[in-house]
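Lettering of chains follows the sequences in order, A, B, ..., and the numbering in each one begins at 1.
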Number of protein chains: 2
Amino acid sequence: MTTDTTTTDDASPGPLGRYMDVLELVAAFPGALTLGDVSSMLALPKTTAHRLLKGLVKAGLAREAVGGRAYDLGERLTRLVHATVDDDWLATLTGPHLRQIIESWGETCYLTRLAGGRIVVAVSQSPDVRWRGYVQPGIEMPVNAAASAKAIMAYQDDATLAQALAQPLPIVTANTRNDAAWVESELQAVRERGYATCIGEIDEGLAAIAVPVTLPDGMVLHALAMTGPLQRIMNERLPERIDALNTTGAALAKALALGAKIRERGAN
Amino acid sequence: MTTDTTTTDDASPGPLGRYMDVLELVAAFPGALTLGDVSSMLALPKTTAHRLLKGLVKAGLAREAVGGRAYDLGERLTRLVHATVDDDWLATLTGPHLRQIIESWGETCYLTRLAGGRIVVAVSQSPDVRWRGYVQPGIEMPVNAAASAKAIMAYQDDATLAQALAQPLPIVTANTRNDAAWVESELQAVRERGYATCIGEIDEGLAAIAVPVTLPDGMVLHALAMTGPLQRIMNERLPERIDALNTTGAALAKALALGAKIRERGAN
DNA sequence: ATTCTTGTTCCGAAATTCGGAATTGCATTC
DNA sequence: GAATGCAATTCCGAATTTCGGAACAAGAAT
């Protein structure tokens, strides 16, 4: 049994595994990655690398760069993502609000959204480009750790919450807890304080604070969050930050409600 | 020869073909598409659909929705795109400018960019959500038809231009021309008038106008465009539109140059 | 003209996928 | 609580595909 070829846990890369490896490489060096590069970087025979690349191209996931000597991402890929996320209108709507905050506080701010039982980043803005690497639109926020996720989940009905807690909850740092009881107590704390925190639970040195964005009908589907180095976020000016988030959050709620109404009208 | 199994023109879907079909379906109904749906919509045996879906999940391109009964797009996909496009800062920078135009004119506006010899949409905003379907970030604009592409290509050196013209140029409508000579004359016209047009060359009833965005150092890497129904765009108010685009384009040029400088500084 | 590098085609051996049939799991109904 | 219906999943032999070494073209550099 120990010599079984099919690993019991099934961590096999699957049929698309190597295609994805190549694709990720292409994404890392768009428009500048040549066949030889792929071959040597992934230790694949030239022939195999060639076949994989051509396969990606035929599938529309990659395409040959203009010179012909290199590859970059195909537009079918781009279209796929943009078709789903469709947070464009949300971005244009909330952009100015976010910008206002980051200008006064100089920290990364983002708006998350409840989408299909998960919390995902909808819009993200930062004063420093380098920070944006982590918080990018479409990224999922873990319910048991992220401030923005707690801020939303604290105001969902029991069914939604139970479903979210039934998912595997990741442990990322020594400060991460993933037992349901703890999460529930954390959410209770959010309801009492009116804001959520994430203190080194995702990255040792980073903290985040988030407030729920309560729509006019009382629903909470979004959260507004600010993140940065732990000691710079969780200091004596914390109350001020929360105030700022709440003020902007209220404005956002109105804008979002209006936006949704307009969108609905246009979709008939 | 006619009965040859390997088609000479090689329009085969490739090994990833069916995976992509499924993935596109998932993207169309994110979080709500069940195995049975895929099976019946693509006329695949349940077994096959199942295997394809699981393959996508294992590759990180799709994932099971929280309920477990449905699928949506995986975040590896999202991350791939956002890692490359990286037009986020560009979007936040140009967003307000674009919004200003669409508010006064009520037409779809977008910024395109020269990227690796191709013209791609960087930022796009529209008063009506439905229009956005076509002009989406990442989409490539054909050099021989799109106004935004002509506006940029008219100011490139001969090598870049030659390379672009060496690519296969698509014919999409009866108004599309794809011979190099015609394109060159069109570019000459752009240089004389200062703006580019696309009159039903991409979609019969649609027109677009575009102006180059000239950076402080004289380079043209971007174009600002407005698109809409032909008779609404190409009417007697055309000069005013061009003026508006030029004004905003000048403001954008400054913003872009500054943005690039800041980004460069942060990247050291 | 020649050499080197890079991309492409061929083809037999090996491993994979293919999809029908049977099975499990879950919710709804009687 | 048993029974029913539906959707998802596992099994498995047949068939198709991929795999990658070796030979082959196509430029670029010397």
(message) Protein within reach of the bases, or only the backbone? For nucleotides 25-30 of chain D, mark each nucleotide 5' to 3' as B, S or -, using heavy atoms under 4.0 Å.
(response) ------
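B:Asn144 contributes no side-chain N or O that, together with a main-chain N or O of B:Thr176, makes up a donor-acceptor pair within less than 3.5 Å. Checked by atom type and distance alone, the side chain of B:Arg113 never pairs as donor or acceptor with a backbone atom of B:Ile119 at under 3.5 Å. B:Ser39 places a side-chain N or O within donor-acceptor distance of the main-chain N or O of B:Leu44, the cut-off being under 3.5 Å. Between the B:Asn178 side chain and the B:Ile171 main chain, no donor and acceptor come within less than 3.5 Å of each other.
More than 12 heavy atoms of other residues, nucleotides or ligands sit less than 6.0 Å from atom CG of A:Asp157.
Taking the charged nitrogens against the carboxylate oxygens, A:Glu64 and A:Lys54 do have a contact shorter than 4.0 Å, which makes a salt bridge.
With 3.5 Å as the limit, one finds no donor-acceptor pair spanning the side chains of A:Gln188 and A:Glu184.
Between the CD atom of A:Glu64 and the P atom of C:dT6 there is a distance of 17 Å, rounded to whole Å. What separates OH of B:Tyr71 from P of D:dA7 is a distance of 14 Å, to the nearest Å. If you take CG of A:Leu52 and P of D:dT18, they are 10 Å apart, rounded to a whole angstrom. C:dT16 atom P lies 17 Å from atom CZ of B:Arg18, rounded to whole Å. Separating the CG atom of B:Leu35 from the C1' atom of C:dG25 is a distance of 14 Å, rounded to the nearest angstrom. Straight-line distance from the CG atom of B:Leu53 to the P atom of D:dT10: 13 Å, rounded to whole Å.
Proximity of A:Val22 to A:Arg18: side-chain heavy atoms (C-beta onward) are nowhere separated by under 4.5 Å.
Of the residues in residues 41-50 of chain B, those lying under 4.0 Å from DNA chain D by heavy-atom distance are B:Thr47, B:His50.
Regarding contacts with the backbone of D:dA8, every side-chain N or O of B:Lys54 stays at 4.0 angstrom or more from both OP1 and OP2.
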